[in-house]
**Student:** 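A single structure is presented below for examination.
Note that ligands are numbered from 1 as they come in the structure, with each ligand's atoms numbered from 1 the same way. We number each residue from 1, following the sequence as shown. For clarity, every value in this text was computed on a predicted model and none was experimentally measured.
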Amino acid sequence: MTDEAGEERPDAWWRNAVIYQIYPRSFADGDGDGVGDLAGVRQRLDHLASLGVDALWFTPWYPSPMADGGYDVADYRGVDPLFGTLAEAEELIEEARRRGLRTIVDVVPNHVSRDHPWFRAALAAPPGSAERALFHFRPGRGPDGRLPPNNWVSEFGGPAWTRVTGPDGSPGEWYLHLFAPEQPDLNWADPRVRAEHEAVLRFWLDRGVAGIRVDSATLLTKDPALPDLVPGRTPDPHPYADRDDLHEIYRCWRRIADSYPGERLLVGEMWLSDPARLARYLSGDELHTAFNFSFLQSPWDAERIRACIDATLESHEAVGAPPTWVLCNHDVTRTVTRYGRADTSFDFAGKRHAVPSDLALGTRRARAACLLTLALPGSLYLYQGEELGLYEVEDLPADRLRDPMHVRSGGTDPGRDGCRVPMPWSGTAPPFGFAPDGTNPWLPQPAGWASLTVAAQDGAPDSMLTLYRSALALRRAATTRAGTPAGASALRWIPAPTGVLAFGWGDGLLCVVNLTPRRPVPLPGGHTVLLASAPVDDGTLGPDTAAWLRAGGDDEPPSVVT
Ligand code: NOJ
């Protein structure tokens, strides 16, 4: 931390922080309407403080018609009544701070809600007006302009354009939306868009937030010609993704963040497969960090995971930025389910519905992944419920599904509701303490979650919650002992057999992960086991198991042998 605005110290908090993602709708319901809210979060701050995380990232809590879970923002300076009030958000930020928890808010710059005053004004204004210039309005192609202006496809399926109707009911121009029609894209070539977002950043930074998560951070700027895409070919430059003119915007945002004391963080949501392209945003005067989704997409395979770690470290080191590690979030299949499938990789296009998953196997691997991830250098994001080992709920009744990704795919994509089911806190039946008894949560919870509640796992030696608490406490202790952030110390690979990852980290610690499906491996001698994801009493690490060890004074460099 620094007292002086703009002076980053090498031990800035965000360089090795563990950041817990809260999806407010599904975290805890304080007012009994079945939907989570800020009152619920305030009642559950104990859980977060005792877990041992450093910061809380809230997905959008702003006024919104909730066409896309709040990522369709109608007012960037308020709180939706469903969640509470702005005053409550301010109190929450302060209460969390008093418990040592920083707050990160989610800003959505690519698009607004159809209910945003700017878009309403644009609809009421004629083609060519200043109001419409804030968005991408264009006449259609073909006879009577009945075809969209280009062939871009929305991230949620279907055309990325919707036609508006004039006051007299006649069809008019089309507007661009890379996501749902309820989320019109802003025109970042217009200086008013830039000025407004800079003011929004300041609004939340003034309220003491420690950071901003930038939604869809690679998509803001567009080629003004809005050219067609050629099927099967990735154009360079791309007309709307990862364009060079984005960097200037983030340089400006960085100056704003750095003008505040206390190391404020900008973290970008960037689905970029090329680590070098990602690192271009992290070169010191733009974003501080970005989500590393390649890790989340990697299958449970030692070589693939190691290759991902190496590529990530190399590209980040080149620009002096800390890497981040993400296994799960509100957009992807929950880790336990993914790791229990035959294909353990993730990608949106191939997202599978009801592909069988061995949840016991998935849980075993998720436990090992917990120790692997928490030992890596850099910062880490933990999605609510990961610490409980929650699985994807794949049998939600069709009439309860809300996600536009599901609805707009005509039901072929399972959507993201299954990873957004309300948290189980206590009790033996729904709503499991998520809401007052008798309340119907907005999505139904599986009866099987009775054994996964916070209360059921609290203090249970073999529970996922206990593993996370222990690992987070050890990580923190290692930080304090080393005098530098444990996560910031370099990772040192150690020779290990095929299918096994072994590396030194922190202050004399060793992490060994056996990703093989059947073969146990002996642990190196002369070491004390500090923590393991499954019993290692006989000195061997079983399949899909990880352990943290401390060197016992042996002069020999450690190695794992079969
Ligand atoms: C990324 C968010 O994580 C996702 O939930 C949302 O649907 C899109 N951006 C659009 O805002």
**Student:** Taking the six-membered ring for Trp, are Phe203 and Tyr76 ring centroids under 6.0 Å apart?
**Tutor:**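 No, they do not, as the ring centres are separated by 6.0 Å or more.
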**Student:** Check this for me, if you would: do Glu286 and Arg254 make a salt bridge, where the nitrogen-to-carboxylate-oxygen distance has to be below 4.0 angstrom?
**Tutor:**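 Salt bridge between Glu286 and Arg254, a charged N being under 4.0 Å from a carboxylate O: no.
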**Student:** Is it true that Phe179 and Tyr71 have ring centroids separated by less than 6.0 Å?
**Tutor:**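 No, the ring of Phe179 stays outside the 6.0 Å limit from the ring of Tyr71, centre to centre.
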**Student:** Counting heavy atoms not belonging to Arg233, are there more than 12 under 6.0 Å from its CZ?
**Tutor:**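 No, not enclosed.
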**Student:** Between Arg416 and Asp68, is there a salt bridge with N-O shorter than 4.0 Å?
**Tutor:**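 Looking at Arg416 together with Asp68, the answer is yes, because their closest N to O distance falls below 4.0 Å.
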**Student:** Can you tell whether the side chains of Arg192 and Asp190 come within less than 4.0 Å, N to carboxylate O?
**Tutor:**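 Answer for the salt bridge query: yes.
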**Student:** Considering only heavy atoms, which protein residues lie less than 4.0 Å from any atom of ligand 1?
**Tutor:**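 Correct list: Asp68, Tyr71, His111, Phe156, Phe179, Arg213, Asp215, Ser216, Glu269, His330, Asp331, Arg416, Arg420.
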